[in-house]
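In the text below, chain A, chain B and the rest are named by the order of the sequence lines, each starting its count at 1.
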There are 2 protein chains.
Amino acid sequence: MNSSLDYANEFMPSIYAAPVFKTLLCARKELLSPRQKAEIKKYSKLIRIDQGVVVYEEGEEASYVWNIARGLIETYHLLPQGTRRITSFLFPGDLLGLMENGFYVSTARTVQPVIAFQIPIQVLSELALSDSQLSAALLTKLCQDLREAQRHIICISQKDAAPRLATFILWLCTIYGNDVEPPKELSLPLARHQIAEYLGLTTESVSRAFHLLESSKAIMRRTPRLISILDMEKLRSFSTLEVGAGILS
Amino acid sequence: MNSSLDYANEFMPSIYAAPVFKTLLCARKELLSPRQKAEIKKYSKLIRIDQGVVVYEEGEEASYVWNIARGLIETYHLLPQGTRRITSFLFPGDLLGLMENGFYVSTARTVQPVIAFQIPIQVLSELALSDSQLSAALLTKLCQDLREAQRHIICISQKDAAPRLATFILWLCTIYGNDVEPPKELSLPLARHQIAEYLGLTTESVSRAFHLLESSKAIMRRTPRLISILDMEKLRSFSTLEVGAGILS
DNA sequence: CGAACTATTGACAGTCGTCAAAGAAGGTGG
DNA sequence: CCACCTTCTTTGACGACTGTCAATAGTTCG
């Protein structure tokens with residue numbers, strides 16, 4: 001699934017946390033000190049994982065945690081009827097490998113080619129035990145992830161498809177945008193079915209929701225994977241959540 | 001909102017984690033050592049909070065964390081249109097007070113009268129920094145909460161009301177049941193509107209879902225707050241999730 | 001016992017999931 | 001570089017279920 005990287009010096013471990021202030025778009029904050037980065041780098045292996053590869057499966061015994069440097073990962077659960085529910089997307093700066101009692105709680109799969117630091121959990125435990133600042137950083141990151149999950153819950157508790165999709169697009173803007181102004185164009189890293197599996201809808205509904213947002217001139221589909229944001233305010237008005245304030249800050 | 005308790009010796013701090021094994025019902029596991037319990041007890045205050053009291057509000061500066069000893073708490077977000085979305089319920093053994101950058105991320109309110117240890121975050125931070133085992137316990141608890149949130153996500157990503165309600169009831173069974181067998185009767189600590197706000201439905205839909213589960217003889221409503229579990233298998237068949245296995249273990 | 005609140009049930013409009021088919025996009029090999 | 005094939009996306013029609021509004025029944029507490 002992976003290959004060692006010879007251009008290892010290009011990357012450094014980093015863990016980001018979203019900002020607390022309620023500006024619309026802003027970069028996430030680094031949680032690690034240079035010393036901690038060096039420590040993690042020393043004891044971990046920088047690997048590349050191809051697109052579409054299952055990194056680990058639900059219920060598997062956990063042996064690593066990954067710090068994503070580049071790329072995109074989805075975690076999901078397979079439901080009895082064979083449907084998939086995506087529970088989270090992980091971006092550069094995120095930590096992959098949520099476990100419980102030593103077993104991974106969901107399945108993880110690369111959506112884009114990924115470059116990541118592969119950290120043996122043993123190593124991370126020891127580092128955390130000896131470095132209480134690192135331990136605090138991990139706690140902060142987990143709080144962050146928990147809040148992210150709550151945002152997800154509120155997003156999909158909206159009944160209609162358009163508000164869910166609008167909320168999702170606005171969220172992507174906060175991730176891929178810079179901290180000055182909203183992006184005019186947004187390149188979607190996901191296929192329709194992945195958006196649907198994240199939003200608790202079908203691909204058809206997602207498609208219809210795109211149509212609705214487009215016909216209201218909030219966005220425009222350049223290609224299925226590239227959209228233009230025409231009217232941020234209108235897009236925001238679709239979402240029940242006050243994106244850029246409150247929970248989606 | 002609270003009063004000091006003179007019968008303080010009756011309670012001890014405790015943090016539970018759900019079990020890893022996939023049995024249907026089993027008690028949760030204690031994460032704290034007796035020494036850690038004593039430490040926390042020493043530096044915290046045992047308080048009682050009446051029913052229906054707002055413990056803290058979203059965006060408020062965070063000064064305490066609570067370890068619930070008895071009672072039930074809901075955390076929620078108020079959406080712009082005035083609707084409420086309950087993001088979690090907290091039971092005895094849970095930690096209340098999720099914060100981000102020093103501010104609470106949601107509003108917390110007691111659903112039942114609560115007895116809890118009120119721990120200044122300053123104290124908890126210091127204890128965690130000096131006791132790496134405690135720090136690890138907190139990490140474990142947060143992983144637990146994160147998994148709980150994922151379970152919630154999967155629950156409300158089910159389209160129909162009956163599966164959501166069935167999943168919810170089965171979940172309550174795992175919390176209030178003993179670890180030997182499913183409870184025959186279940187006393188609901190929540191009003192219909194609270195169930196609805198948690199499941200992303202309306203009270204009417206919850207009511208109709210109860211009717212459906214009842215007419216299929218899976219459950220029976222004794223009173224609005226007390227139901228009999230007639231057929232566990234049938235109840236389980238409503239839920240898309242394999243409760244008692246997989247994600248709801 | 002009565003009043004206020006909670007829960008239930010009914011009718012109707014709107015939206016989603018399903019099934020089906022057509023249209024676009026991207027990748028491969030000649 | 002182009003034709004072809006596969007995969008992804010979009011659109012349409014229809015049945016089912018939820019939200020809304022409204023009215024009735026049941027519970028609980030003073």
Side-chain angles (χ1 to χ4, degrees), chain A residues 50-52 74 79 81-86 111-113 155-169 187-216 219-227 238 240, chain B residues 50-52 79 81-85 111-113 155-169 186-216 219-227 238-240:
Chain A
D50 287 335
Q51 182 172 21
E74 61 185 5
L79 303 185
Q81 327 114 33
T83 59
R84 241 168 46 122
R85 285 280 80 110
I86 296 179
V111 173
Q112 294 176 338
C155 174
I156 67 176
S157 75
Q158 299 176 111
K159 208 240 163 194
D160 294 357
R164 294 195 201 184
L165 181 60
T167 307
F168 180 72
I169 292 174
S187 169
L188 300 172
L190 307 158
R192 292 290 182 272
H193 74 93
Q194 290 170 317
I195 298 176
E197 284 162 349
Y198 182 80
L199 294 178
L201 298 167
T202 57
T203 24
E204 292 94 330
S205 291
V206 172
S207 200
R208 278 188 274 260
F210 267 112
H211 178 79
L212 213 109
L213 295 184
E214 190 169 55
S215 62
S216 80
I219 65 165
M220 188 168 199
R221 286 176 282 191
R222 301 290 177 192
T223 72
R225 292 293 193 105
L226 181 69
I227 61 172
F238 274 98
T240 308
Chain B
D50 288 335
Q51 182 172 21
L79 302 185
Q81 326 114 35
T83 59
R84 242 169 45 121
R85 286 279 79 110
V111 173
Q112 292 176 339
C155 173
I156 67 176
S157 75
Q158 297 175 112
K159 208 239 164 192
D160 293 357
R164 295 196 201 184
L165 181 60
T167 307
F168 180 72
I169 292 173
L186 186 62
S187 169
L188 301 172
L190 307 157
R192 292 290 182 272
H193 74 92
Q194 289 170 316
I195 299 177
E197 284 161 349
Y198 182 80
L199 295 179
L201 299 168
T202 57
T203 31
E204 292 93 332
S205 290
V206 172
S207 202
R208 278 189 278 258
F210 266 112
H211 178 77
L212 213 108
L213 295 183
E214 190 169 55
S215 62
S216 79
I219 65 165
M220 188 168 198
R221 285 175 284 190
R222 301 290 176 191
T223 74
R225 292 293 192 105
L226 181 68
I227 61 173
F238 274 98
S239 171
T240 308

Using salt bridge (charged side-chain N to carboxylate O under 4.0 Å, His left out) as the criterion, list what pairs up with [X], not counting sequence neighbours.
| X | value |
| --- | --- |
| Arg84(A) | Glu74(A), Glu197(A) |
| Arg222(A) | Glu185(A) |
| Arg225(A) | none |
| Glu204(A) | none |

*Give me the first and last nucleotide of DNA chain C, going 5' to 3', that has any atom under 4.0 Å from a heavy atom of chain A.*
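Contact span on the strand: dT15(C) to dA25(C).
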*asked:* If the condition is side-chain hydrogen bond (donor to acceptor under 3.5 Å, both in side chains), which residues does Arg192(A) pass it with, not counting sequence neighbours?
replied: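 Not a single residue meets the side-chain hydrogen bond (donor to acceptor under 3.5 Å, both in side chains) criterion with Arg192(A).
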_Partners passing side-chain hydrogen bond (donor to acceptor under 3.5 Å, both in side chains) against Thr203(A) (at least two apart in sequence or in another chain)_ =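 Testing Thr203(A) for side-chain hydrogen bond (donor to acceptor under 3.5 Å, both in side chains), a comparison that skips the adjacent residues, returns none.
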*asked:* Taking side-chain contact (heavy atoms from CB on, under 4.5 Å) as the definition, give me every residue that meets it alongside Ser187(A), ordered by chain and number, with sequence neighbours left out.
replied: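 With neighbours one apart ignored, the set is Leu226(A).
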*Quick one: side-chain contact (heavy atoms from CB on, under 4.5 Å) partners of Ile156(A), sequence neighbours excluded?*
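Partners of Ile156(A) under the side-chain contact (heavy atoms from CB on, under 4.5 Å) test: His152(A), Arg164(A), Ile153(B), Ile156(B), Ser157(B).
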_Rounded (10°) bend between the five-pair end axes of the helix from dC1(C)-dG30(D) to dG30(C)-dC1(D)_ =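 Inter-axis angle at the termini of the helix from dC1(C)-dG30(D) to dG30(C)-dC1(D): 50°.
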_Of residues 189-199 of chain A, the positions that come close to DNA chain C - non-hydrogen atoms, cut-off under 4.0 Å_ =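 Contacting residues: none.
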_Base-contact (B) and sugar-phosphate-only (S) positions in nucleotides 12-21 of chain D, heavy-atom cut-off under 4.0 Å, - elsewhere_ = BB---SSBBB
